[in-house]
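Report on one structure; see the data block that follows.
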Amino acid sequence: MNKDILIKTVARLVSPPKGILAIDESLPTCNKRFENLGVPTTEEKRREYRELLITAPEIEKYISGYILFDETIKQSAKNGENFTSILRAKGIEIGIKVDQGTVDFLLHLGERITKGLDGLSERLQEYKNAGATFAKWRAIYTIGENIPSRDCMKENAVSLAKYAFMCQELDIVPIIEPEILMDGGHSIEECYKITAQNFDILFSKLQDLRVFIPGVILKTSMVIPGKEAKIRVSSEKIAEMTIKCLKEHASKDIGGIVFLSGGQSDKEATLNLNAMHQIPELSWPLTFSYGRAIQNEALQSWAQNPNDISGAQTFLVERAKANSLASVGEYKK
Ligand code: 13P
């Protein structure tokens, strides 16, 4: 493990005013989004869509890294140029989703654990050869009656720690993504409690496995009420509780913290990040790593007018720019 390489990669990924764009939807997820908009679910259509995202003009002003899916890292633009070469030429870091989705957690109804450790070292080496400098592994937790359990949190934390260790052995920066899902009617206080508990377990497992914390990026959900919660709260409240939770339960040494959008509206995701940057003395670089909240409008536009590539790219770059401003607290409604 070369700590210097890891620290430098982290710094490039989270340096203001940039954030990370997640375009690593798995085949089922990408196909579901296409289907909802009447787009054929073929490999060529997925390639075409990702080409639009990767070649968006000047997006490198706002985006430091793209997280790709296995299919995408091997694909090329219509003119034959590899996606990875296009990104590198723009100075954008190449990231790769390496988990292989979730499965039911045995004897724990309603809980999921993430798989993908088998053969992971070999796959990481392949991705490194293809130019990847960082990776992502996502674990998910549903808030419900008596869930998530500590067992589920521990099981996922061990996998996240093993994955992070394997990445760092190859000088690849691991993004660790524990996502508390927004599904359900839970309050912001319930979300706080679960997020805090989960961070405590996660960081203790990372320490047990001697993961190099300054060479890790934490990608987390915000502390936020469930989608069906009766009581809605302001961006200021979400920001305040999220930062409090991170300050009290995440490691001070973590290289950087980024957020997923998790089903928030595009505007909410931007406003919430902007509100966090009104709070003084954040202890770490803090930015976005959104998927939907940056892609939504571009995808809808392209689905309606597949020939208007530049129209869709304009939507994408506008959302990237808004979040870039939010990442330094300068977004104005
Ligand atoms: P969303 O911003 O759409 O939640 O996606 C981010 C991500 O990488 C999920 O794993």
Side-chain angles (χ1 to χ4, degrees), residues 13-14 18-34 36-37 49-50 53 62-73 92-102 112-116 132 134-142 156 159-160 163-164 173-184 191 195 198 202 216-224 226-227 238 242 256-274 276 286-300 315-316 319-320 322-324 326-327:
L13 284 167
V14 294
K18 295 187 188 178
I20 298 170
L21 175 58
I23 65 161
D24 61 331
E25 297 80 13
S26 62
L27 293 185
T29 304
C30 186
N31 287 345
K32 198 160 82 193
R33 294 202 184 140
F34 276 17
N36 289 340
L37 294 166
Y49 175 58
R50 262 76 182 245
L53 300 176
Y62 316 112
I63 302 291
S64 55
Y66 272 51
I67 312 175
L68 308 178
F69 183 62
D70 177 73
E71 176 181 82
T72 319
I73 201 169
I92 293 177
E93 302 285 319
I94 298 161
I96 181 78
K97 170 190 174 73
V98 298
D99 68 71
Q100 295 179 319
T102 63
R112 313 275 295 170
I113 49 168
T114 304
K115 61 178 178 145
F134 70 106
K136 182 191 106 172
W137 179 291
R138 171 175 178 254
I140 53 168
Y141 312 85
T142 304
N156 274 317
S159 300
L160 279 163
Y163 140 81
V173 166
I175 292 190
I176 289 184
E177 183 181 18
E179 175 174 2
I180 313 291
L181 297 172
M182 284 176 72
D183 300 338
C191 183
T195 308
N198 195 34
L202 177 62
V216 169
I217 293 178
L218 172 69
K219 172 162 174 166
T220 178
S221 37
M222 295 179 191
V223 175
I224 197 166
K227 277 188 214 142
I238 291 166
T242 303
I257 298 179
V258 298
F259 293 101
L260 57 98
S261 58
Q264 300 176 45
S265 74
D266 302 355
K267 283 244 165 65
E268 268 176 307
T270 307
L271 289 171
N272 293 343
L273 178 63
N274 195 60
M276 289 189 217
L286 195 79
T287 186
F288 60 91
S289 173
Y290 297 152
R292 282 164 287 179
I294 294 181
Q295 290 183 54
N296 279 335
E297 284 179 301
L299 174 57
Q300 276 164 27
F315 282 118
L316 186 81
R319 292 313 312 158
N323 287 301
S324 162
S327 78

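Each ligand, and each atom within it, is numbered from 1 in the order the structure gives.
At a heavy-atom distance under 4.0 Å, only side-chain atoms of Ala22, from C-beta outward, approach ligand 1. Contact annotation: for Arg138 versus ligand 1, heavy atoms closer than 4.0 Å belong to the side chain alone.
Using 4.0 Å as the threshold, Gln295 has no heavy atom nearer than that to any atom of ligand 1. Residue Lys97 places every heavy atom at 4.0 Å or more from ligand 1.
Of the protein's non-hydrogen atoms, the one nearest atom 2 (O) of ligand 1 is Ser261 OG, 2.5 Å. Summary of contacts: the protein heavy atom closest to atom 7 (C) of ligand 1 is Lys219 NZ, 3.3 Å. Among protein heavy atoms, the minimum distance from atom 9 (C) of ligand 1 is reached at Glu177 OE2, 3.3 Å. The protein heavy atom nearest to atom 4 (O) of ligand 1 is Gly262 N, 2.7 Å. From the protein, the heavy atom lying nearest to atom 5 (O) of ligand 1 is Gly291 N, 3.6 Å. Considering only non-hydrogen protein atoms, atom 10 (O) of ligand 1 sits nearest to Lys136 NZ, 2.6 Å.
Counting non-hydrogen atoms of neighbouring residues, nucleotides and ligands closer than 6.0 angstrom, the NZ atom of Lys32 reaches no more than 12 such neighbours.
A donor-acceptor pair under 3.5 Å is absent between the side-chain atoms of Arg50 and the main chain of Thr72, judged by distance alone. Using modelled atom types, no side-chain atom of Asn198 and backbone atom of Glu179 make a donor-acceptor pair closer than 3.5 Å.
Taking both residues in full, the closest heavy atoms of Asn323 and Ile294 are given as ND2-CG1, 3.6 Å, listed atom of the first, atom of the second, then distance. What you find for Tyr49 and Gln295 is that their closest heavy atoms are OH-OE1, 2.7 Å. Ile180 approaches Ser221 most closely through the heavy-atom pair N-OG, 2.9 Å.
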Please test Ile238 against Gln264 for side chain to side chain contact (heavy atoms under 4.5 Å, CB included), starting from the C-alpha separation and ending with a verdict.
CA-CA 12 Å; Ile238 291 166; Gln264 300 176 45; over 6 Å; no

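Checked by atom type, the side-chain pair Arg319/Thr270 shows a donor-acceptor distance below 3.5 Å.
If you take CG on Leu13 and CD1 on Ile63, they are separated by 11.0 Å, rounding to the nearest 0.5 Å.
Inclusion of Ala293 in the set of residues having an N or O under 3.5 Å from an N or O of ligand 1 is not warranted. Polar contact check, Glu179 against ligand 1: no nitrogen or oxygen pair lies under 3.5 Å apart. The shortest N/O to N/O separation between Arg292 and ligand 1 falls below 3.5 Å. Residue Leu260 has no nitrogen or oxygen atom sitting less than 3.5 Å from a nitrogen or oxygen atom of ligand 1, judged on distance alone. Residue Tyr290 has no nitrogen or oxygen atom sitting less than 3.5 Å from a nitrogen or oxygen atom of ligand 1, judged on distance alone.
By the side chain to side chain contact (heavy atoms under 4.5 Å, CB included) test, Arg33 pairs with Glu25, Thr29, Arg292, Leu299, sequence neighbours left out.
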